[in-house]
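Just so we're on the same page: letters track the sequence lines, and every chain starts at 1.
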Amino acid sequence: MTRVDRQRAESEAGSSDALASPKMRVEDLRAWFGRSEVLRGITMPVAERRSTAIIGPSGCGKSTFIRCLNRMHEVVRGARTSGRVLLDGEDIYEDGVNPVRLRQLVGMVFQKPNPFPMMSIRENVLAGLRLQGIRPKNRDDLVERALRQAALWDEVKDVLDRSGSSLSGGQQQRLCIARALALEPEVLLMDEPCSALDPIATAKIEDLIHELRKQYTVVIVTHNMQQASRVADYTAFLYLGELVEFGRTDRIFTSPSDPRTEAYITGRFG
Amino acid sequence: MPVTRPHKDLRSPRPLQERLISNVLLACAIVSVLTTAGIILVLLVETVGFFRVVSFGQFFGDTEWTPLFARKRFGIWALISGTVLTSAIAVAVALPLGLLGAIYMSEYASQRLRRVLKPAVEVLAGIPSIIYGYFALTFVTPVLQRVIPDLAGFNALGAGIVMGVMILPIIASLSEDAIYAVPDSLREGAFALGGGKCAVIRRVILPTAFSGIAASVIIGISRAVGETMIVAIAAGQQPRFSFDPRVAIQTMTAYIVQVSLGDTPAGTLEYRTIFAVGMTLFVFTMALNIASFYLRNRVMRGGVL
């Protein structure tokens with residue numbers, strides 16, 4: 001980002017409450033796989049109870065970026081990071097932070113729906129709690145609430161004991177969202193959640209994101225710019241591991257300040 | 001470049017060599033099927049011959065096995081109990097060790113260590129079972145006798161433990177395959193839900209790999225049931241309906257060895273007993289193999305495990 005951009009971003013921040021005290025703040029985040037540096041110093045805020053889209057061409061580091069926000073990046077062998085990621089002002093990379101506890105606050109939905117095949121729909125929703133050794137008393141309520149939030153309840157309420165993999169791809173993805181929501185996270189990360197889905201299922205997930213951002217802080221990676229413009233309040237454009245531009249989605253899509261952003265959103269590369 | 005070949009080239013017959021090879025391969029396949037069929041046929045004919053003289057009631061309704069003595073009794077349970085006892089001890093040894101080893105190799109060991117460990121475990125499977133047999137008799141049993149003073153020289157315990165070591169690589173290696181085959185997307189999904197490593201393995205990975213693990217255990221049991229040398233050498237030759245691991249017993253396989261090596265004339269009733277016992281053994285291992293085949297098929301179909 002140039003200095004002008006930064007000033008501009010900050011002035012935007014000043015004008016909108018959402019960025020004044022962001023839920024998360026990424027500061028000079030760098031990430032490596034082995035020797036190759038895939039994120040080259042990213043600094044940006046994540047607004048609370050808003051949705052932030054990360055866009056950029058394949059290989060720009062957007063998936064890596066989102067995986068750094070709940071320390072899933074380090075699950076891969078040979079992967080490491082530097083810099084700070086603040087959640088409510090606390091650095092999640094500080095010594096003593098338990099990534100397992102962090103991931104309960106910062107949930108994640110993946111590119112390909114990955115319901116647990118040997119669990120029923122009900123068990124899938126409760127999987128996060130079971131993984132933490134919690135056996136909640138009001139299980140039925142919990143399952144219903146999470147499935148309603150994920151807009152899946154009406155479709156599955158009579159087949160809760162069926163296997164999660166018996167559902168369609170779009171339903172599976174909403175089941176994965178319900179599974180994440182059952183833990184009542186504060187931030188929900190979505191890594192291209194619609195890329196394996198057909199247009200109708202995609203529309204359902206997008207509607208859902210509209211609802212979710214009222215209650216949760218949502219960060220969504222997408223390679224689909226229309227999707228970013230539809231679901232995101234803020235958009236960050238990543239290119240070759242660098243943050244080229246960050247700002248309100250309407251501004252990014254109508255008057256991008258960086259020529260690379262403009263080239264990308266008008267389809268000249270990517 | 002224009003095509004200049006005349007069209008009739010398209011109609012040339014399949015070369016002789018191709019047809020020959022296909023027929024030779026077919027013949028090989030038929031030979032192995034016919035051999036199996038032949039063995040089963042012989043087994044059947046001799047078993048039928050046996051049951052013309054000895055009734056099912058005498059065979060399945062008795063717990064004494066004394067066909068080589070003057071007062072003949074044919075209670076197969078005396079041999080089945082020996083086989084079940086030694087196999088159970090073997091599984092009790094091999095299942096926990098093999099499964100935990102498999103979990104370590106797949107989930108904890110570095111790629112480099114895994115590449116060394118797995119073949120190393122599989123080398124155990126290459127040791128001839130006669131060596132295991134002597135190992136059980138001359139090393140394991142004396143060591144055990146220091147702990148259990150009234151352990152007989154020939155006993156089910158030592159043989160069973162060593163047999164467990166023998167089937168350990170089967171269970172470890174096949175279970176590892178099953179665990180390693182669990183898609184990473186499920187691991188990631190579980191980690192992202194805030195699962196610790198142990199919880200993820202216990203609640204997601206092992207249940208997903210269950211069919212494959214069960215198949216590996218069944219193959220292990222099948223090997224233990226059919227294992228001959230170890231029990232013939234170290235477990236004794238005393239058929240008795242007992243589940244006491246400290247005393248000498250006799251397994252179905254060991255009985256067949258005893259009669260086959262002896263001077264029992266062909267065609268006699270004593271001779272036919274080994275076919276009846278062999279048939280029983282065959283039914284056991286066949287059932288186990290079908291079960292593992294079924295389980296592995298479920299794994300390969302990849303659906304709900």
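- Shown here is B:Trp77, whose CH2 atom has no more than 12 heavy atoms of other residues, nucleotides or ligands within 6.0 Å.
- The closest side-chain heavy-atom distance from B:Thr208 to A:Phe116 is not below 4.5 Å.
- The two residues B:Leu193 and A:Leu131 have their closest heavy-atom pair at CB-CD1, 4.1 Å.
- The minimum heavy-atom distance linking A:Val100 with B:Gly194 is given by the pair CG1-O, 3.1 Å.
- Between the B:Arg203 side chain and the A:Arg130 main chain, a donor and an acceptor come within less than 3.5 Å of each other.
- For the set A:Gln104, A:Met108, A:Met72, A:Arg71, the entry with the most heavy-atom pairs within less than 4.5 Å of chain B is A:Met72.
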Would you please test A:Phe110 and B:Glu188 for side-chain contact (heavy atoms from CB on, under 4.5 Å) and show each step?
-> CA-CA 9 Å; A:Phe110 295 84; B:Glu188 293 212 316; 3.5 Å; yes
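- Counting heavy-atom pairs closer than 4.5 Å to chain B, the top residue among A:Met119, A:Arg67, A:Arg101 is A:Arg67.
- Summarising the local packing, CZ of B:Phe243 is surrounded by more than 12 heavy atoms from other residues, nucleotides or ligands at distances under 6.0 Å.
- Atom CZ of B:Phe293 has 12 or fewer heavy atoms from other residues, nucleotides or ligands within 6.0 Å.
- A pairwise comparison of heavy atoms in B:Pro207 and A:Met118 identifies CB-CG, 3.6 Å as the closest pair.
- The neighbour count for A:Arg139 CZ, taken as heavy atoms of other residues, nucleotides or ligands under 6.0 Å away, is above 12.
- No donor-acceptor distance shorter than 3.5 angstrom exists from the side chain of A:Gln132 to the backbone of B:Ala199, with no hydrogens or angles considered.
- Interface check for chain B: of the options A:Pro115, A:Gly128, A:Ala127, the most heavy-atom pairs under 4.5 Å are formed by A:Gly128.
- Contact detail for B:Leu186 and A:Asn114: the closest heavy-atom pair is CD2-O, 3.8 Å.
- B:Phe191 and A:Arg103 make their closest contact through O-CD, 3.1 Å (heavy atoms, listed as atom of the first residue, atom of the second, distance).
- Taking 4.5 Å as the heavy-atom cut-off, the residues of residues 110-123 of chain B that approach chain A are B:Ser110, B:Gln111, ordered by number.
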